[in-house]
Structures are given as structure tokens and as C-alpha cells.
Number of protein chains: 4
Amino acid sequence: MARPKSEDKRNAILDAATRVFAERGLTAAPTSEISKQAGVAEGTLFTYFKTKDDLLNALYREIKLELADAMMSGFPRRKSVRIRLRHVWDGYVNWGVANREKRKVLAQLNVSGMLSKESIEAGSAPFVEMQNTIRDAIERHLLRKGLPIELISKTMAAFAEATMDLIVLKPAMANKYREGGFEIYWAGIARK
Amino acid sequence: MARPKSEDKRNAILDAATRVFAERGLTAAPTSEISKQAGVAEGTLFTYFKTKDDLLNALYREIKLELADAMMSGFPRRKSVRIRLRHVWDGYVNWGVANREKRKVLAQLNVSGMLSKESIEAGSAPFVEMQNTIRDAIERHLLRKGLPIELISKTMAAFAEATMDLIVLKPAMANKYREGGFEIYWAGIARK
Amino acid sequence: MARPKSEDKRNAILDAATRVFAERGLTAAPTSEISKQAGVAEGTLFTYFKTKDDLLNALYREIKLELADAMMSGFPRRKSVRIRLRHVWDGYVNWGVANREKRKVLAQLNVSGMLSKESIEAGSAPFVEMQNTIRDAIERHLLRKGLPIELISKTMAAFAEATMDLIVLKPAMANKYREGGFEIYWAGIARK
Amino acid sequence: MARPKSEDKRNAILDAATRVFAERGLTAAPTSEISKQAGVAEGTLFTYFKTKDDLLNALYREIKLELADAMMSGFPRRKSVRIRLRHVWDGYVNWGVANREKRKVLAQLNVSGMLSKESIEAGSAPFVEMQNTIRDAIERHLLRKGLPIELISKTMAAFAEATMDLIVLKPAMANKYREGGFEIYWAGIARK
DNA sequence: GATGAATGAGCCTTCATTCAT
DNA sequence: AATGAATGAAGGCTCATTCAT
């Protein structure tokens, strides 16, 4: 083909989408506004993403990948469960605080009902290692007994989200909140 | 003289709105669909709620009130902090599981940015007694020291939400999840 | 690159608007009817004119410009005041009779309260030379003394309008009415 | 019938209609606003006037009648043509200046295209005596020869309107404008 | 591939009119 | 007769998507 699709343009659209979706909400945000902020023509957006839904799904995967990187890179495979969990906890919280718009959009996407099964699977794939850690911890009886595994990971996310909200409200307390948040969480799940 | 505004119709609209909003999302849901499902003419919706925004706010208050009732009625004022928290926890979780659509809509409303300051205040008013409980518990050193109060209440909600999600996924495990969820939470915040 | 906005389409819309506004009135005329008569899609109207108000203002300017051309082109700068006034009088009357719809729409626009200050200014700009003529005539005492200048120009318009109404009613009398109308007017304002 | 229609209510509606139509325009004015300002229920308006169109026509006749009274009462049947014309001129101008809203509404009604033939006839009936005066004057060669009779009366109205506009703009000049306006008019039509 | 004009379905809201009370 | 809730057609405008250039 004469001109190849430009990675730059694709990214510009994704970035603009993040901004616009964060500000106006998924459905309320017009694709025209996104293309304008991305500096491309209205029609161009649709050569990179066939429909608005496609854009939504692509953005979801993109953000999830970035988040996975923030949480899982440098994962201390050999260290204790507590340290491993603390690693992903910090990664999550720090990323979320530093990327407010992406976090907001991610939250919206999660409840939008517009994500395809494939996107959801693709989005959770990079986190297997963490799932394994938890499974491992349970098997080795490091956690309170009787706790369903799903509850462990699900609540960690919920917990971290609550923590981030507070940090955003009082940034000066960031360390205290991040620390305290994990404390509650760990005290809750760990064996006495 | 003249037909009085019918409480029934108002409720029918609110109910239909809950259903339609839950299914299609706040912005994507057409008011025409709501009125149709409520069994009234399109225009009638607007004699009960001046704008779609008004409807949103009214629905928010309605749901919050119902939730408050579920959580706070029979609040064991004289019992221990643990029992009191457990009471609201159970009320919250049971209500959320029994009212999936309302819970979903509430979640959407909370992040919609379309609620007025008044609605938000009105929605949180019925929960003061619970806030007081937590404050009281902190003052009496029943909880782990150093925990910011906001973290306590915020995480309880986040936690309960996570728990409900799991129960919805595996209803047979309801009791286990509800119990286990509170255990983690309490173990996390309580003094050792 | 891309289709350029078509001057033809813009004119088609303006023409259709003239027809529809003349027939149904400014507010009663649906934009959908205008676009249909212009042979474009409903949405297209709004790529040429952002709002119905915009369309109104653009139409006003367009018509005023055309009218100015009809009245002021060939203005006999060097001839007597009477001849100069007669020139614009004839231009006005002839244009009005030949452009009934435009005249009607112009009248409606003038009393609509929907014109912006800018439009009004732009619309009166091309007529300065005529204003100057009157001012000049007064200063040179060619007109009856004591007549306020505003009355001179305002009544000329009112007068011409009345004349046109009559011509429209009895076209065969056109010359007589146009002649007679100016006679009354001139006899009214000129020095004895 | 149990309760007879109240003349007071009818008048209240007509008054309110005048106000609302003057302010918002004929089509833009909602009947609900009129009934509200009249202090009656929305439905009540329709027991007094079957449709909005009916209201418009009734209002037209009402205003025309009032105007006729202002112009024709005390008509100096025996005095000179000039004095008779001056009488109606003064009546018209004074009424128009004192009743700005009614004048505005009348102007709107006149160009609305919503008046029935009957209303138009009924509205012009009270002015026959004035028409006769003009006819009489022409027959007695008091006016410039060759002037079509329609032009005489039509331009008087147009002229008076222009005069009123100016008085409204500069009320302090009222006498001068009213006087000067008639002067131009009379000088225009009278035999030299 | 890039552009942005063209399209038309769809949405919220208004409003004249009807009708139950 | 009076009231005002109920009705549903209609209108201005937006927006995802297509398509001519």
C-alpha cells in the first residue's frame, strides 16, 4: 500500500481518546472530538479503528497492558508472598495515582458492558503470575484458612482503588495511605 | 380537581429507569424507552421529572434511601463495634445481591458526574450513625492505630462491592463469601 | 482533499430557506423542510449553518446585500437630491416587487429579534451613501425645515413598503403607484 | 349551565396573551405561559378559545376595536379634511405610543398569515368613515390629482408607524415627531 | 492513506390539545 | 366550568459512519 498506517497517529488517537473519555464519559464523548484532539481528520479515526466500539476495546487492552507492566515488571519471584504482593500493590497504586485519566477510563470501560470477551481475556492474561502467587500462598497455608481465592484478588483491587482515591484527595498522605492500605489488606488475609 | 399526580406512575417511571439504565447505561438509555417500559406517554415522564438529569438525581436519592434503610434499620446501637459493623455489612451485601440492577445503576450514578451537590448530600445523610460508629471506635482505640478514618469506611464499601460481585457469580457461596469478606475486613482493621 | 463545501449547496439552502420562511414564518418553518426543499440531508444544513439562528442571520445579510445592490448600483452621485432619492426609491420598489418572498422574509427578520448586532450593522453598512445624501440635503436646506433626519429616511422605507404592497395587489398599476408614491413622498419632504 | 363563562377571565387571558405575544412572538409563545400569566389553568384557556388560532383572531379583533375607538371617537365629521385626518392621525399615534405591546402584537398579527378573512373584515369595518373621508376629499379635488385612493390610506398607516417608532426612541420629541410626521404626510397628499 | 463534507437515525424536550376528576 | 395531568407529534441538533475527492 502506498502509505502505511502510522503508529504515531494510532497513538495520538488513543491518547486523545483517553483524555476525552476521562473528561466526558464513554458514550458522551464524540469521536469527532477525539479526532480533533488527536490532530487527525474525522474519517482517519475510522481507518485506524473500524468503529467506536473497536476503539474502546483497543484502548482497554492498551491500558491494561501498561498497567500490567507497571505492576509486574521486576516482580520479585523469589521473595516472600508478602513482598510479592506488596510489589504489585505498590505498582498498582503508584500507576493509578500517576495516571488518573487512564485509571478513570479503565473504570468506565470495566462497567461499560462494551468490552468483548476477547478483550477481557487479553486484559487479564498478563496477571497470571500474580494469580499463581495467591494460589501458591493458599496452598502453603500462608493465608487465613477458608478464604476463597477469588476474594483475595478481587478485594486487593477494590482495596487499592479505595487507597488511590484517598491519595488523590490528599496527596501529601500518599505514603501513609499506601502503606496503611496494604497493612489492612495484609492483616486481613494473612494467617494470624 | 384535575387528576392528581400519581405516585404509582412516578414509581413506574423510576422502576423502568432502573431497568433501562442498568441495561443500556445512563447516557445510552433513551427516555423514550423508559417511558415506554413504564407504560406512560413520552411526555408524561417530563411531568414527573423536568429533565433527564432530574430523573437521574431523583433515582439516586430513591435508591440511596432504600439502601440506607436496608443497612441502618435495626442498627444495634448498644452492641459492640464489630457487631454494629457486621450489621451494616450484612445489610449492604444482602441488599446489593438482591437488587443487582439498583446496585449497578448506583455505581454508574456515582461516577457519572451528573449528580447535584444536594443529591449527594441527601444521599449520604442517612449514614451518619455509621460514620459515628467508626469515629467512636477509633477514639476508643478498638482499631489498629494509625489508620486514617477515611480508609476505614471507604474500604468497607469497596470490600463489600467485591464481595457482592463474587456472590453474584457463585450464589451458592453467598454465606461463605459474606462471612469471609467481613472476616478479612475486620481482621484488617481491628486491633490485634 | 475531501469534498470542498459547495457554494451551490449553500445557495440552495439559502434559497429554500427564503421560500419556506416566507410561506410558514420564521419559527414555524422546520429546518427539515428547508433541507428537503434544498435537496440535501437534514444534517447537511447544519454543516453550512451551525444553528437555525445562524441561518437566519446569514440569510438576512445575503438579502440585505442584494437589496443594497439593487438600490445603490448606478447611484447618480452627481445628480440632484431628488434624482438620487428617486434612484434608490425605484431600486427599492422594483426589487421588492420582483422579490416578494425575500421582501417578506426581510420584514419578518427585521422584527424577529433574532438578529445579532453584527448582522444588523453589516446589513446597514452599504446604505451609508444614501444616508449622506439626506444629511447633505438637509444641510443645504433643500428639504422642509424642522424635519428630523430620522423621519426622512424612516418614512421613505415605510412609504416604499406601502407602495409595493399596492403594486403587488394591482400589478398593472405599477408605474402609476411607483410614480405616485414618490410624488407624495417628495412633495412631503421637499421645500415648498 | 352551572357556572357561566366569566368575562373577567376572558379578558385576563387576552391581556396575558398580549403581553406574552409581544415578548416572545406569536408562534414562540406557549399557551401554557399565557394561561399562567392570566392566572387560570392551562385547560381553561381552551374553554374560552377553542384553539390558539382562535385566540389569535379574537385578540386581533379586540385590539382593532380598541384602536378604532381611539382613532374614530370624537371624529370631527363637520370639520375640514385636514382636521379630520389630523384627528385620526393623532388618535393613532397617541394610542400606538401608549400601547406599545398591543401595537407590536397587531403588527405581528398583520403579517402572521393566521387571520381569517372574517377577522380581517371585522377589523377594518370600524374605519369606513375614514375611508369615506378620503374618497370625499378626492372627489372634491382637495388632494393632488392622480393619486390612487389606496395609496392615500395605506401610506398614512405606514407613515404613522414610522412616526411612532421614532417617538418610542425619543419620547421627548413626541410632539415634534407627531406634528412633523403629519406635516410631511399632508404636504405629500394635499393639492398645492 | 487522508480528509472532511454528507448522511439520516435518534435523542431530549416542548407544546397544543384532550380528558379524567 | 375549572383544573392540570396525560398525550404524542414535531423540532432542532448531534454524531457515528460513509464516501467523494
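Lettering follows sequence order; numbering is per chain, from 1.
Within the structure, salt bridge (Lys or Arg N to Asp or Glu O under 4.0 Å) pairs that include any residue of residues 26-36 of chain C do not occur (at least two apart or interchain). Screening residues 11-25 of chain C for side chain to side chain donor-acceptor pair (under 3.5 Å) gives C:Arg19-C:Gln37 as the qualifying pairs, with residues at least two apart or on separate chains. Applying the salt bridge (Lys or Arg N to Asp or Glu O under 4.0 Å) definition to pairs two or more places apart or across chains, those involving residues 52-65 of chain D are D:Arg10-D:Glu62.
When the salt bridge (charged side-chain N to carboxylate O under 4.0 Å, His left out) test is applied to A:Glu161, the partners found at least two apart in sequence or on another chain are A:Arg103.
Without hydrogens or angle criteria, A:Asn99 side chain to A:Trp95 main chain gives a donor-acceptor distance under 3.5 Å. The backbone N or O of B:Leu106 lies less than 3.5 Å from a partner atom in the side chain of B:Asn110, making a donor-acceptor pair. Listed for the A:Tyr48 side chain is a donor-acceptor partner under 3.5 Å among the backbone atoms of A:Ser6. A donor-acceptor pair under 3.5 Å is absent between the side-chain atoms of D:Lys102 and the main chain of D:Ile63, judged by distance alone. With hydrogens and angles ignored, the 3.5 Å screen pairs no side-chain donor or acceptor of C:Lys104 with any backbone N or O of D:Val111.
Look at CG on B:Asp54: it is 11 Å from P on E:dT14, rounded to the nearest Å. Summarising the geometry, the separation between CD on C:Glu33 and C1' on F:dA10 is reported as 13 Å, rounded to the nearest angstrom. Here E:dC15 presents its P atom at 11 Å from NZ of D:Lys36, a figure rounded to the nearest Å. B:Leu56 has its CG atom 13 Å from the C1' atom of E:dC12, to the nearest Å. In this structure, the NZ atom of A:Lys50 is 16 Å from the C1' atom of E:dG1, given to the nearest Å. B:Phe46 places its CZ atom 14 Å from the C1' atom of F:dA10, with the value rounded to the nearest Å. Rounded to a whole Å, the CG atom of D:Leu55 is 15 Å from the P atom of E:dC15. Between the P atom of F:dA1 and the CD1 atom of D:Ile13 lies a distance of 12 Å, rounded to the nearest Å.
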Handout entry: Intra- and interstrand pairs of DNA chain F - dot-bracket, Watson-Crick/G-U under 3.5 Å, | marks other strand
Key = .||||||||||||||||||||
Practice task
Indicate for each nucleotide in nucleotides 5-11 of chain E, in 5' to 3' sequence, whether protein heavy atoms under 4.0 Å reach the base (B), only the sugar-phosphate (S), or nothing (-).
Solution key: BSBB--S
